[in-house]
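Heads up: the structure comes next, in structure tokens.
If you're wondering where the values come from, they're calculated on a predicted model, not measured in any experiment. In what follows, every chain begins at residue 1, and chains take the letters A, B, ... in the order their sequences are listed.
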2 protein chains.
Amino acid sequence: MASPLTQAQKAPAIAHIQCDGDDLSQCPIRGILDRIGDKWSTLLILMLQDGPKRFGVLRRAVPDISQRMLTQTLRNLQRDGFVARQVFDTVPPSVEYSLTPLGESLLLPLAGLVDWAAMNQPAILKARGQFDEERP
Amino acid sequence: MASPLTQAQKAPAIAHIQCDGDDLSQCPIRGILDRIGDKWSTLLILMLQDGPKRFGVLRRAVPDISQRMLTQTLRNLQRDGFVARQVFDTVPPSVEYSLTPLGESLLLPLAGLVDWAAMNQPAILKARGQFDEERP
DNA sequence: CTGAATCCAGCCCGATACTG
DNA sequence: CAGTATCGGGCTGGATTCAG
């Protein structure tokens, strides 16, 4: 844990991650994947990366999300300590969501994944096309 | 709607990832998240990081996966070009799965996420506990 | 040993309507 | 404006059984 940043270009050395056997349910990687793996969490985290946003702003920024899912996803993110929720007691009421330090720290590893995805999507699509082509 | 916001603040480098608006379905990050977000893909990728493994070996290494899910997950990974499948025509038949170069390249960003998860799981659990405690 | 096929439970998520 | 409640569909994933 003394080298948080310099592992950028090292060879894969994720040996200690077993997660198998008996206690797979409380595997740390599983916990975070269950969170970012759902449909909207990652998108909302990315949306909040450049500052706090109100509920309605998020809603408009992600047009195809329902109020239900927006509320629920924000709740989960808040519960895990990724986002903070601040209520302004005005009329009409307004609520601001923002990334906590913990949430912001997630942006870094997330960026690695995002960059990888953007860079390799063509290869994935190509592989997918070939696979579907060869398999009737 | 364009993006009138400037990436000031302390945001890392995920500027160009919008994914909102009209074409959210073919957003690259969404594609990869749908893959690694499922229950077994990431675990199997990590399992294959130190060399090819046979079907039965993987099965025994991840005791709580069903044959159905093992086959299905491997198929998806193969389809996306992450793993290669080699059949040895013997009796009884044996099949070996291994990471492709594309799959290996995913190990790097994945490692970042894994490390982050391992390092911050205590904070997450703590936040979760506090949240559940404060909410009746 | 590897894998396909079927049945079935659970939940994720969307649409809608209603409150403060 | 922000959030809750309810209903229902579709997909994920587990158990079992059969086949090459």
Side-chain angles (χ1 to χ4, degrees), chain A residues 19-20 24-25 27 30-31 33-44 47-48 52-80 83-98 131 134-136, chain B residues 19-20 24-25 27 30-31 33-44 47-48 52-80 83-98 131 134-136:
Chain A
C19 303
D20 54 31
L24 195 148
S25 55
C27 162
R30 174 50 61 68
L33 281 180
D34 280 353
R35 192 57 52 218
I36 73 169
D38 67 18
K39 198 172 182 180
W40 303 108
S41 293
T42 304
L43 194 53
L44 289 180
M47 283 307 196
L48 290 174
K53 282 189 173 52
R54 294 184 49 181
F55 188 89
V57 175
L58 288 172
R59 187 153 138 67
R60 258 169 275 118
V62 190
D64 48 351
I65 195 176
S66 59
Q67 317 91 315
R68 185 185 190 277
M69 276 301 105
L70 182 53
T71 302
Q72 189 174 99
T73 306
L74 286 171
R75 274 253 188 287
N76 285 332
L77 291 174
Q78 183 192 0
R79 188 174 108 98
D80 284 3
V83 311
R85 176 178 183 268
Q86 184 175 7
V87 182
F88 297 94
D89 204 1
T90 59
V91 275
S94 76
V95 181
E96 254 189 18
Y97 292 91
S98 58
F131 184 89
E134 297 166 1
R135 300 267 165 172
Chain B
C19 303
D20 55 29
L24 196 147
S25 55
C27 161
R30 175 51 61 67
L33 281 179
D34 280 354
R35 192 57 53 219
I36 73 169
D38 68 17
K39 199 171 182 182
W40 304 107
S41 293
T42 304
L43 194 52
L44 288 181
M47 284 307 198
L48 290 174
K53 283 189 173 50
R54 292 185 50 184
F55 188 89
V57 175
L58 287 172
R59 187 153 138 67
R60 258 169 276 119
V62 190
D64 48 351
I65 195 178
S66 60
Q67 315 92 316
R68 184 187 191 274
M69 277 301 107
L70 181 53
T71 302
Q72 190 174 98
T73 306
L74 286 171
R75 273 257 186 283
N76 285 333
L77 292 173
Q78 183 191 0
R79 189 173 107 98
D80 285 2
V83 310
R85 176 178 184 266
Q86 185 174 7
V87 182
F88 296 93
D89 202 2
T90 59
V91 275
S94 77
V95 182
E96 254 190 18
Y97 293 90
S98 59
F131 185 88
E134 295 165 3
R135 299 271 163 169

Going by side chain to side chain donor-acceptor pair (under 3.5 Å), name the residues that satisfy it together with A:Asn76, two or more places apart in sequence or in a different chain.
none

Does OP1 or OP2 of D:dA2 have a side-chain N or O of A:Arg75 closer than 4.0 Å?
no

How long is the line joining CG of B:Asp38 and C1' of C:dG10, in whole Å?
17 Å

Min side-chain heavy-atom separation B:Phe55-B:Leu74 under 4.5 Å
yes

How long is the gap from OG on B:Ser94 to CZ on B:Arg54, to the nearest 0.5 Å?
4.0 Å

Would you say D:dC1 has OP1 or OP2 under 4.0 Å from some side-chain N or O of A:Tyr97?
no

Nearest-angstrom distance from the residue atom CE of B:Met69 to P of C:dG3
15 Å

Answer with base, sugar-phosphate or nothing: what part of the nucleic acid does A:Arg54 contact at a heavy-atom distance below 4.0 Å?
sugar-phosphate

Considering only side-chain heavy atoms of A:Phe55, which listed nucleotide, D:dA2, C:dC13, C:dG3, is closest?
D:dA2

Between C:dG14, C:dT2, D:dG14, which nucleotide gets closest to the side-chain atoms of B:Val95?
C:dT2

Rounded interatomic separation in angstrom, taking CZ from A:Arg59 and P from C:dG14:
12 Å

Nearest 0.5 Å, please: how far is CZ in B:Arg85 from CG in B:Leu77?
13.5 Å

Do A:Thr71 and A:Arg68 touch side chain to side chain, with heavy atoms closer than 4.5 Å?
no

Got a second to check how far A:Asp38's CG is from A:Met69's CE, nearest 0.5 Å?
9.0 Å

Indicate for each nucleotide in nucleotides 15-20 of chain C, in 5' to 3' sequence, whether protein heavy atoms under 4.0 Å reach the base (B), only the sugar-phosphate (S), or nothing (-).
BB---B

The side chain of A:Lys39 is closest to which nucleotide in this list: C:dC1, C:dC13, D:dC1?
C:dC13

How close or far is atom P of D:dC1 from atom CZ of A:Arg60, stated in whole angstroms?
7 Å

Quick one: A:Asn76 CG to D:dG3 P, roughly how many Å, whole number?
14 Å

Distance in angstrom units between A:Ile65 CD1 and D:dG3 C1', rounded:
14 Å

Angle between the two end axes of the helix from C:dC1-D:dG20 to C:dG20-D:dC1, five base pairs per end, rounded to 10 degrees?
40°

